[in-house]
Amino acid sequence: MADSSARLDIGGTGHDYAVKDGSVGPQVIDIRKLYADTGMFTYDPGFTSTASCESGLTYIDGDEGILLHRGYPIDQLAEQSSFMEVSYLLLRGELPSKAELEEFTRTITRHTMVHEQLTTFYRGFRRDAHPMAIMCGVVGALSAFYHDSTDINDPMQRRIASHRLIAKMPTIAAMAYKYSVGQPFVYPRNDLSYTGNFLNMTFSVPAEEYVVDPVIEDAMDKIFILHADHEQNASTSTVRLAGSSGANPFACIAAGIACLWGPAHGGANEAALNMLREIGTVDRIPEYIARAKNKDDPFRLMGFGHRVYKNYDPRAKVMQKTANEVLTKLGVTDPIFDVARELEQIALNDPYFVEKKLYPNVDFYSGIILSAIGFPTEMFTVLFALARTVGWVAQWNEMISDPAQKIGRPRQLYTGPTQRDYVPVDKR
Ligand code: CMC
């Protein structure tokens, strides 16, 4: 696969390293022998120039604003596909036939219930616990309930664990919500779609009938598709790193959920909506733009900027359109949407944001839609985790099947004290 080589000159001695081609995107220099050859490490905090693995799942061209899953553009998938179909695509590599999709959907549907004992876990949490705290705990605990799918060396157990995780996340997420509002848990319903069932478990109550609104169901399904996978982002890398030690899949996904929670990652949708609420009216936007540009102020425009996209995030475009559809359908005239649109226009024309190539990302509009549907802000990152589970699981499976896989073990540039002798406390 090596097409050419790159030469590194250290102290007059040349070292050659194979340069590998992907199917598209930047080439990589294979430096696996660098330390053995030279006694040196590379230094790359934040992995800005490091490919940690080979992957055939998702491709991003950040300059052009392109996101492909198994080669298919995200906007085509969001507009024409379904979350179940995209899940199949990510897991199996190809779009399913009608029969394959039906079989896959049936399999996922039949795994949606959780062990009844899990309900007692919820009761151990405070009612005001953040649902992401509950998600970390409950998903991590799944390995204590599903012993028959924790052997990572058995492909069938891996497949069952993957199906269980995708199927049970909506149930676990809806239960986290129900617990926080003091309503009874709602059991899954197999006659509903994956997304319709989630909405029903979240918003229905035993006292009256709840009918899933098809516009909301469609918007929610799109949101799930838009969050399904995103290459080697922080939480996915966390899942891979945890999995590289041989940890069971439930533990690995719990690790991914913990990483996703941070405001620089999945927590940004919650932070973006809070920011829009804080701005409140269009006339206050300049004040916040000025703060975002001020080096001495830690404030950042949440929902803006991305490590990889240096162009409009293609997911944000679909999200903006979906926000319009949902607000129109629900007849919501949320002034926050006006603030968001105006803020976007001002930022897109401001030299600071233009020069740094800061564009709206997926989180900028998602909070507006989720809030209009009726989700409290604390649930936003939970919904991201629910959808991203399929990406995590697909990436985890890809890693386990990769013969080049090794335990993840970065090295460091050590700058602490050199060796010194211990001094007893009475002599210090
Ligand atoms: N507002 C104001 N300035 C910004 C912003 C922002 N949102 N984002 C980046 N910058 C500036 C930053 O100050 C830096 O300026 P300088 O070069 O003068 O020091 C420059 O742009 C580059 O930023 P960086 O922090 O070095 O870039 P990064 O690739 O390490 O960070 C990011 C990417 C997403 C963490 C960052 O853009 C950010 O904090 N954005 C807000 C949080 C957010 O919306 N996160 C959601 C990401 S999309 C969902 C997901 O994949 O999880």
Side-chain angles (χ1 to χ4, degrees), residues 62-65 67 74-75 78 130 219 222-223 226-227 230 233 260-381 383-384:
D63 293 326
E64 295 298 324
L67 167 60
I74 189 66
D75 50 322
H130 195 289
K222 277 201 179 76
I223 292 177
L226 294 175
H227 287 94
H230 212 228
N233 57 85
L260 187 76
W261 195 357
H265 193 6
N269 50 16
E270 183 175 345
L273 192 77
N274 288 339
M275 176 194 76
L276 291 173
R277 289 225 166 96
E278 191 185 311
I279 297 175
T281 47
V282 168
D283 59 301
R284 294 191 64 205
I285 292 174
E287 180 193 326
Y288 284 83
I289 293 273
R291 284 188 62 194
K293 288 155 64 173
N294 182 356
K295 282 256 158 273
D296 299 326
D297 189 333
F299 174 79
R300 283 186 168 199
L301 272 196
M302 299 315 283
F304 259 78
H306 198 274
R307 169 61 62 78
V308 184
Y309 293 118
K310 301 302 166 197
N311 200 327
Y312 212 101
D313 180 339
R315 303 168 300 171
K317 280 194 186 139
V318 183
M319 208 61 101
Q320 190 197 39
K321 189 163 164 259
T322 310
N324 254 326
E325 286 162 7
V326 169
L327 295 195
T328 307
K329 160 73 191 178
L330 296 177
V332 175
T333 46
D334 192 338
I336 295 219
F337 197 41
D338 298 332
V339 173
R341 273 191 288 225
E342 188 63 20
L343 181 62
E344 178 185 342
Q345 281 319 309
I346 293 176
L348 287 178
N349 290 301
D350 187 295
Y352 174 93
F353 292 89
V354 174
E355 277 156 27
K356 293 186 190 303
K357 299 188 176 161
L358 299 169
Y359 291 85
N361 60 48
V362 68
D363 292 320
F364 192 63
Y365 284 105
S366 62
I368 294 172
I369 309 176
L370 297 174
S371 167
I373 293 176
F375 289 102
T377 45
E378 306 79 59
M379 277 297 286
F380 293 178
T381 316
L383 302 173
F384 193 156

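Model, not experiment: these values are computed from the prediction.
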Can you name the closest pair of heavy atoms from [X] and [Y] and give their distance?
{"X": "Ala372", "Y": "Val332", "answer": "CB-CG2, 4.5 Å"}
{"X": "Val318", "Y": "Ala78", "answer": "CG1-CB, 3.8 Å"}
{"X": "Glu270", "Y": "His130", "answer": "OE1-NE2, 3.4 Å"}
{"X": "Ala272", "Y": "Gly303", "answer": "CB-N, 4.3 Å"}
{"X": "Ala323", "Y": "Phe337", "answer": "CB-CE1, 3.8 Å"}

Out of curiosity, [X] [atom1] to [Y] [atom2], how far, rounded to the nearest 0.5 Å?
{"X": "Ser366", "Y": "Phe384", "atom1": "OG", "atom2": "CZ", "value": "8.5 Å"}
{"X": "Ile223", "Y": "Arg315", "atom1": "CD1", "atom2": "CZ", "value": "12.5 Å"}
{"X": "Leu343", "Y": "Ile289", "atom1": "CG", "atom2": "CD1", "value": "5.0 Å"}
{"X": "Thr322", "Y": "Lys222", "atom1": "OG1", "atom2": "NZ", "value": "5.0 Å"}
{"X": "Asp75", "Y": "Leu67", "atom1": "CG", "atom2": "CG", "value": "9.0 Å"}
{"X": "Ile336", "Y": "Ile279", "atom1": "CD1", "atom2": "CD1", "value": "9.0 Å"}

Open item on the list: For the NZ atom on Lys321, are there more than 12 heavy atoms of other groups (residues, nucleotides or ligands in this structure) within a distance under 6.0 Å?
Closed with: no
Would you say the side chain of [Y] lies within less than 4.5 Å of the side chain of [X], judging by non-hydrogen atoms?
{"X": "Phe364", "Y": "Met302", "value": "no"}
{"X": "Phe353", "Y": "Tyr359", "value": "no"}
{"X": "Asp63", "Y": "Asn311", "value": "no"}
{"X": "Val339", "Y": "Ile285", "value": "yes"}
{"X": "Phe304", "Y": "Asp363", "value": "no"}

Open item on the list: Run the salt bridge (Lys or Arg N to Asp or Glu O under 4.0 Å) test against Lys357 and tell me which residues pass, sequence neighbours left out.
Closed with: none
- [ ] Please assess Lys293 against Asp350 for the test salt bridge (charged side-chain N to carboxylate O under 4.0 Å, His left out), listing each intermediate value before the final yes or no.
- [x] CA-CA 10 Å; Lys293 288 155 64 173; Asp350 187 295; 2.9 Å; yes
TODO: Step through it carefully: locate the ring centre of His230, locate the ring centre of His306, and say whether they are under 6.0 Å apart.
DONE: yes
TODO: Mind checking side chain to side chain donor-acceptor pair (under 3.5 Å) for Lys356 and listing every partner two or more places apart, or none if nothing turns up?
DONE: none
TODO: Take Thr333 and Asp338 through the side-chain contact (heavy atoms from CB on, under 4.5 Å) test and state the conclusion after the steps.
DONE: CA-CA 9 Å; Thr333 46; Asp338 298 332; over 6 Å; no
- [ ] Could you please spell out the steps behind the side-chain contact (heavy atoms from CB on, under 4.5 Å) verdict for Tyr309 and Asn361?
- [x] CA-CA 8 Å; Tyr309 293 118; Asn361 60 48; 5.8 Å; no
- [ ] Apply the test side-chain contact (heavy atoms from CB on, under 4.5 Å) to residues Arg307 and His265: give CA-CA distance (whole Å), side-chain angles for both, the deciding distance (0.1 Å), then the verdict.
- [x] CA-CA 10 Å; Arg307 169 61 62 78; His265 193 6; over 6 Å; no
Whether [X] side chain and [Y] backbone form a donor-acceptor pair below 3.5 Å:
{"X": "Asp313", "Y": "Pro360", "answer": "no"}
{"X": "Asn269", "Y": "Gly367", "answer": "no"}
{"X": "Asn349", "Y": "Gln345", "answer": "yes"}

Open item on the list: Ignoring hydrogens and geometry beyond distance, is a side-chain donor-acceptor pair present between Tyr288 and Glu278 at under 3.5 Å?
Closed with: yes
Open item on the list: Quick one about Tyr312 and Glu344 (side-chain donor to acceptor, distance below 3.5 Å, no hydrogens or angles considered), yes or no?
Closed with: yes
TODO: Test side-chain contact (heavy atoms from CB on, under 4.5 Å) on Phe299 and Leu301 and set out the steps.
DONE: CA-CA 7 Å; Phe299 174 79; Leu301 272 196; 4.0 Å; yes
Open item on the list: Quick test of your reading of the model: are Asp297 and Arg291 salt-bridged, counting only N-O distances below 4.0 Å?
Closed with: yes
- [ ] Can you spot which of Leu383, Leu273, Val326, Thr377 makes a side chain to side chain contact (heavy atoms under 4.5 Å, CB included) with Leu370?
- [x] Leu383
